[in-house]
Chemist: 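Below is the structure I would like to discuss, written out as structure tokens.
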Number of protein chains: 2
Amino acid sequence: MTPPATVEDVAVHGLTDTIGVTIPNPLTCEDVPNRRAKAGKLNGGVAAATNSEFFKAPAPHKPLAIRLDHRMSQEAKLRKSTVLKSLAKHMATPGMISLGGGLPSSEYFPFESMDIKVPAVGKFLEEETKTTGKTMHLGKHDVKEGKSCASGSAQMVRWVTEHTEIVHNPPYRDWACTLSAGSTSSLEMVYRMFLEKGDFVISEEPRTAGLQFVGVKMDSEGMIAEALDELLENWDVATRGARKPFLLYTVPTGQNPTGSTQGRERRQQIYKVAQKHDLILIEDEPYYFLQMQPYTGPGAEPAPLPKNHDEFLKSLVPSLLSMDVDGRVIRLDSFSKVLAPGSRCGWVVASAQVCERLQRHGEVSTQHAAGFSQVILHRLLDEEWGHGGYLDWLVNLRVQYTTRRDALMKACDDHLPKEVATWTPPAAGMFHWINLDVSKHPEFGKKSVAEIEQAVFRTSVASGVLVTPGSYFMADQENELEKVFFRATFAAAEFDTMSEAIRRFGLAIRKVFGLPQ
Amino acid sequence: MTPPATVEDVAVHGLTDTIGVTIPNPLTCEDVPNRRAKAGKLNGGVAAATNSEFFKAPAPHKPLAIRLDHRMSQEAKLRKSTVLKSLAKHMATPGMISLGGGLPSSEYFPFESMDIKVPAVGKFLEEETKTTGKTMHLGKHDVKEGKSCASGSAQMVRWVTEHTEIVHNPPYRDWACTLSAGSTSSLEMVYRMFLEKGDFVISEEPRTAGLQFVGVKMDSEGMIAEALDELLENWDVATRGARKPFLLYTVPTGQNPTGSTQGRERRQQIYKVAQKHDLILIEDEPYYFLQMQPYTGPGAEPAPLPKNHDEFLKSLVPSLLSMDVDGRVIRLDSFSKVLAPGSRCGWVVASAQVCERLQRHGEVSTQHAAGFSQVILHRLLDEEWGHGGYLDWLVNLRVQYTTRRDALMKACDDHLPKEVATWTPPAAGMFHWINLDVSKHPEFGKKSVAEIEQAVFRTSVASGVLVTPGSYFMADQENELEKVFFRATFAAAEFDTMSEAIRRFGLAIRKVFGLPQ
């Protein structure tokens, strides 16, 4: 059992104006089987129509999302549905023989069955899996059922909807989930849903090139809300040559490249600015579940681990989605950093209006997430692990990433020259952002900042360590570089070699800055 | 050994002006191991840069593709590459420790291994697979290697390049293959590569809504070349409100919905018109390998099967790609109808210029085909079956589809009222297009054609058979319907029920048209 919604919950969720309505408990992992039993059999056949609404708790106390018609691009307004999908409903008639479909019979596909070995819940380490791992069996007809229309398979939509309700419980009524072919694909679709030629997108300051971005200053907690407000307050259409931007892209947790994480209060501030200026917030969260244990410093006692699912979820910085009383957040969710890179199967949480437009777009482009990915992920997440087992897996990742982050922090502490190198220990994600004080370089002023950065990069590579220069992430590669940063990933290298890598990087910095070795 | 290129080959491939150059034999399935052995080890690691050029035969006798700069949209011209990919080259240095990547270590992903049961070569039937099927084992580190950058995994690019050379041997030099997230996704990218707002796309006449299409009249062999020429010759910018179209979309083989297939000569005529008007041809070919044995009529002896790979390939109508001396064909290739629906892993064959732009687009949208799909398909096609085994699989499908098509033709012959129903037996694909002579309807002239079509549809559904009304495929749903067609798929229904389905459809037609039952 979970406690009833607290005053704090109500305040966060913006429900203070609904006093008198019985607010149901938030959904927990343990509640899911009950809810499903009540809902009855899922229609999960090939190309079955599906919708998050089938899987959500009724929430008449929540407000409806604001309509975004006034923000839709010409292209998005024109997307139409196809009449062909209407044939599917006739297949429910008993005895009906269909010559109407467009998909061959499964006997003409050669994949008979798959057996996939995965860790058992609670035995997540690679060496444990060898002995205690479970084998999931998928038959050809399961694959057939996992293959689906542009909404994605009904089973997977149900899972992501339940997961979203458990983790974020969005505070407006008509939120929805739609499967995607990965967040990069969704992001491109969202841009096309709202942008006309020449429009700006607001984003964190360092940002790789592509669209027309306008950057907002960051501190160690990422985007600064006041800077955002100021940018919008002072937007001048004439000098900018574009209408005031209304689409904001942000990675609130473990941002790439800086590794910064917006705290709860920062997110609330940003949301308020979004309300003031009627912004749409794109919350891209591949690293949300790579939030680590608090950093306690070199040699200090580690913080105690969350004892259960509830404590784990409460330990996470709440998402923008969980504060979104208006339905102005478009959350991009992904398995790419926690389950499988390149599964090209993610999902979007947004208002039903936005999800419907994404589905129409998907019908003429990506169609749906790959069938292989859908069935494999669904089998693992739903049938093998369940919601609770997935949270256990994420707690396991939290422990692993904390250990790695702490090892990298110790290595930086041991080997980087503190006269020039500074950093904030990352709270989430896989990236560590190291600042070098370029003014300490003996030829500062004579050499350009870009030249000094490249000297550090080249010397590092020659010393046998690869770190990514900050300039690689700057939206405007033509502008003169002002600061020197390097990004180090602590999620990828062999654990034992991280310390050696940082030792080499430290030596390279000393060499370029003329410091004693 | 294969015979040297014949005069016919040379004529088809447009190489008559290269007399004096030694023309190498076309690549065969048997040659592939040799070529690979000569090429040495494939660099197939994570995010390895790859390119069709690594895997093609040198062909100095072939002309280079025409440049398409003058056709590129503003958007396509502006796409940039990301500097981040340049880091990968440093990983080749021995002893290098990377903190530069963006992908977690594989120990943090839970898929330990997969065992996939598939048919052995030559034992392709479902019941055979139960006893003689092979099990392919994929370990976690294979998956890691299959995961790749926007070009797709090197191994899969190699396979599709070799396959393309074996089947189509494009007659210009700088053709290339690039992996896609399915042909619908590629098609959308191609449209965005060339179209500006308001532009028309040329296509076959019946065509579902979406973009701005201009239809070309068809006969039983699909699009009519003379009609295409006439359309372009008489294009009037003022009345059309758009520049003369230069992008043509066609499904030459087993077109959906009509099931029509362009013969060799028809394709040559269309290609000539394309040269005359400087068109870019999008050749969408999901059904290319569903070309069936010639239809010999009810009760007649079946035509003899191809005896080997060479005979099989020669039995296929040559692709537009195989005639493309200019590099103006963009071929969309797919596994969705022959190996796995919804794998979302296809490929595009086009000039290197076009493929490069597609890759840049992919980097900011679909990224790459799903890793699960890539490794599973590659393991089957390359390591388990090989090129020859895949062709054997396709011959097997040819036999199966021929049997089904012939059964459906017999059912139509037995049960449809020939006073009103006419059809051409399809040569390829999975669709049968049945024409009803609406002028024979007792209330023709009083009722609209659309009303008669819907009456047949409703009566069919009430009789327990689902066929797709032709009007569902008309681009312009507002225009008045002139003809009544129904599309029947012979690839999907239980084999034994197809005859019953057509019997019911025949009864429904008789009822609506007031014919004796």
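So that the names make sense, note that chain A is the first sequence line, chain B the second, and so on, each numbered from 1.
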Chemist: Between B/Phe431 and chain A, with a heavy-atom cut-off of 4.5 Å, which part of the residue counts as in contact: side chain, backbone, both or neither?
Modeler: side chain

Chemist: For the candidates A/Asn396, A/Thr93, A/Val118, which exhibits the highest count of non-hydrogen atom pairs separated by less than 4.5 Å from chain B?
Modeler: A/Val118

Chemist: In terms of heavy-atom pairs under 4.5 Å with chain B, which of A/Ile376, A/Val338, A/Thr129, A/Thr135 leads?
Modeler: A/Ile376

Chemist: Using non-hydrogen atoms and a 4.5 Å limit, figure out which bit of A/Ser183 sits close to chain B: side chain, backbone, both or neither.
Modeler: neither

Chemist: Find the one option among A/Thr497, A/Leu339, A/Thr468 whose heavy-atom pairs under 4.5 Å with chain B are most numerous.
Modeler: A/Leu339

Chemist: If we define contacts as heavy-atom pairs under 4.5 Å, which of A/Pro94, A/Ser463, A/Gly101, A/Ser336 has the most with chain B?
Modeler: A/Gly101

Chemist: Please list, chain by chain and in numerical order, all residues satisfying ring-ring contact (aromatic ring centres under 6.0 Å, His included) with B/Phe490, sequence neighbours excluded.
Modeler: none

Chemist: Any side-chain heavy atom of B/Arg79 sitting closer than 4.5 Å to one from B/His361?
Modeler: yes

Chemist: At a heavy-atom distance under 4.5 Å, which candidate from A/Tyr401, A/Phe457, A/Phe495 has the highest pair count against chain B?
Modeler: A/Tyr401

Chemist: For A/Lys197, is there an ion pair with B/Glu75 - N to carboxylate O distance below 4.0 angstrom?
Modeler: no

Chemist: Can B/Arg504 and B/Glu500 be counted as an ion pair, charged N to O under 4.0 angstrom?
Modeler: yes

Chemist: With sequence neighbours excluded, tell me which residues meet salt bridge (Lys or Arg N to Asp or Glu O under 4.0 Å) with B/Glu107.
Modeler: A/Arg404

Chemist: Taking NZ, NE, NH1 and NH2 as the nitrogens, is one of them in B/Lys134 or B/Glu384 under 4.0 Å from a carboxylate oxygen of the other?
Modeler: yes

Chemist: Which one, A/Ala493, A/Ser373, A/Pro469, leads in non-hydrogen pairs under 4.5 Å with chain B?
Modeler: A/Ser373

